[in-house]
Amino acid sequence: DVVATLDALDVRATHFAGSSLGGMVGFALAIDHPDRLLSVTLIATQGILPETSHETLRANAEALRSSGEAMSSLAPKILDRYMNPGFVDTDPDGYQQLVDQITRTSVEGYIGSSNAIIGMNFDDRLDRVDKPTMVIAGELDRPTPPERMELYRDNIAGAKMVVIPGAGHFPFADQPEAFNREFRRF
């Protein structure tokens, strides 16, 4: 979809930044379409979901499907896991925006995303990434801790990495000033 969008907009090459699942798209672009990138920024992402998380993700998706619940019921649980512990208190408007975004996600879209995440594996092809690469981790990110993301700093030639203090899985929302400062620096 990204390559088709670039084609439709007549964009030959671009800088790409992707967070979480969007970062996995960044891996795919950097490995399979390197001519379309000037650089890639990988934010709170990983090239393969650890095997130990596959069954949990599948079970969560199936429970959601069989329960008939809407995504709105999952929003607080998702954000409790993804955001820094005080985010709801320090930025209630930002928190509500994220709740609204999750609520607008269809259950089938969430399940499809879960299946796509389970099926991705870029870690064995990191040597093919030859574009300037920035890896950005949130210090408090539980799904993708900074230690996990060091793999990308260490195995992508010339990659730089920064850890955003006090940030969870969405460092651009948790700590926007620190995130933007580091992002601009790259």
Side-chain angles (χ1 to χ4, degrees), residues 1-51 53-54 57 78-79 81-83 98 101-102 104-105 109-164 167-186:
D1 290 347
V2 174
V3 172
T5 300
L6 294 174
D7 289 344
L9 296 172
D10 199 29
V11 174
R12 173 79 185 111
T14 189
H15 299 279
F16 184 88
S19 175
S20 196
L21 178 56
M24 293 175 175
V25 173
F27 281 117
L29 289 169
I31 292 168
D32 298 330
H33 302 280
D35 58 314
R36 303 310 296 265
L37 293 182
L38 300 170
S39 70
V40 62
T41 301
L42 305 169
I43 306 160
T45 193
Q46 45 196 323
I48 185 172
L49 187 69
E51 194 71 36
S53 299
H54 286 202
L57 199 53
I78 291 170
L79 292 176
R81 179 164 162 76
Y82 283 10
M83 306 309 290
L98 291 171
Q101 184 177 1
I102 292 167
R104 287 190 304 269
T105 302
Y110 178 81
I111 292 169
S113 295
S114 297
N115 290 333
I117 290 168
I118 289 168
M120 289 185 198
N121 181 358
F122 300 107
D123 282 5
D124 60 350
R125 296 180 285 157
L126 297 176
D127 61 329
R128 293 177 52 190
V129 178
D130 66 355
K131 298 299 177 190
T133 302
M134 170 62 98
V135 177
I136 301 177
E139 174 190 29
L140 306 175
D141 188 347
R142 288 179 279 172
T144 312
E147 298 78 20
R148 171 72 171 108
M149 294 190 68
E150 290 172 356
L151 171 77
Y152 307 114
R153 178 202 60 206
D154 296 344
N155 289 285
I156 296 173
K160 296 174 177 28
M161 181 173 172
V162 65
V163 177
I164 306 298
H169 193 63
F170 298 136
F172 46 85
D174 270 348
Q175 302 295 331
E177 291 176 15
F179 175 86
N180 288 335
R181 182 175 51 253
E182 296 298 337
F183 187 64
R184 276 192 220 98
R185 210 175 282 183
F186 177 61

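In this chain, residues are counted from 1 in sequence order. Since the structure is predicted, the reported quantities are computational estimates derived from the model, not experimental observations.
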With a 4.5 Å heavy-atom cut-off, do [X] and [Y] have their side chains touching?
X	Y	result
Gln46	Phe27	no
Val3	Leu29	yes
Val162	Met134	yes
Met149	Leu151	no
Ile102	Leu79	yes
Leu6	Thr14	yes
Phe183	Thr41	yes
His15	Leu37	no

So which atom in [X] and which in [Y] form the shortest heavy-atom distance, rounded to 0.1 Å?
X	Y	result
Asp123	Gly47	OD1-CA, 3.2 Å
Leu98	Ala173	CD1-CB, 4.3 Å
Val135	Tyr152	CG2-CB, 4.0 Å
Pro171	Ile43	CG-CG2, 3.7 Å
Pro146	Met161	O-CE, 3.4 Å
Thr133	Leu42	CG2-CD1, 4.0 Å

[X] side chain to [Y] backbone, donor-acceptor under 3.5 Å:
X	Y	value
Ser53	Glu51	no
Arg36	Val11	yes
Thr105	Gln101	yes
Asp174	Met83	no

**Request:** Flag the pair Asp7 and Arg12 as a salt bridge only when some basic side-chain nitrogen lies within less than 4.0 angstrom of an acidic carboxylate oxygen.
**Result:** no
**Prompt:** Between Asp141 and Arg81, does at least one N-O distance fall below 4.0 Å, as a salt bridge requires?
**Reply:** no
**Request:** Test side-chain contact (heavy atoms from CB on, under 4.5 Å) on Phe16 and Ser39 and set out the steps.
**Result:** CA-CA 6 Å; Phe16 184 88; Ser39 70; over 6 Å; no
Hey, what do you get for [atom1] ([X]) to [atom2] ([Y]), rounding to the nearest 0.5 Å?
X	Y	atom1	atom2	answer
Tyr110	Asn115	OH	CG	11.0 Å
Lys160	Phe186	NZ	CZ	7.0 Å
Arg125	Ile31	CZ	CD1	5.0 Å
Leu21	Thr45	CG	OG1	7.5 Å
Asn180	Arg185	CG	CZ	12.0 Å
Tyr82	Ser19	OH	OG	9.5 Å

**Message:** Any donor-acceptor pair under 3.5 Å linking the side-chain atoms of Ser20 with those of His169?
**Reply:** yes
**Message:** Apply side-chain contact (heavy atoms from CB on, under 4.5 Å) to residues Ile117 and Leu57 and explain how you reach the verdict.
**Reply:** CA-CA 9 Å; Ile117 290 168; Leu57 199 53; 4.2 Å; yes
**Request:** Decide side-chain contact (heavy atoms from CB on, under 4.5 Å) for Leu49 and His54; before the verdict, give the C-alpha distance in whole Å, the side-chain angles of both, and the deciding distance to 0.1 Å.
**Result:** CA-CA 7 Å; Leu49 187 69; His54 286 202; 3.8 Å; yes
**Request:** Start with the C-alpha distance between Asp124 and Ile48, add both sets of side-chain angles, then the distance that settles side-chain contact (heavy atoms from CB on, under 4.5 Å), and finish with yes or no.
**Result:** CA-CA 9 Å; Asp124 60 350; Ile48 185 172; over 6 Å; no
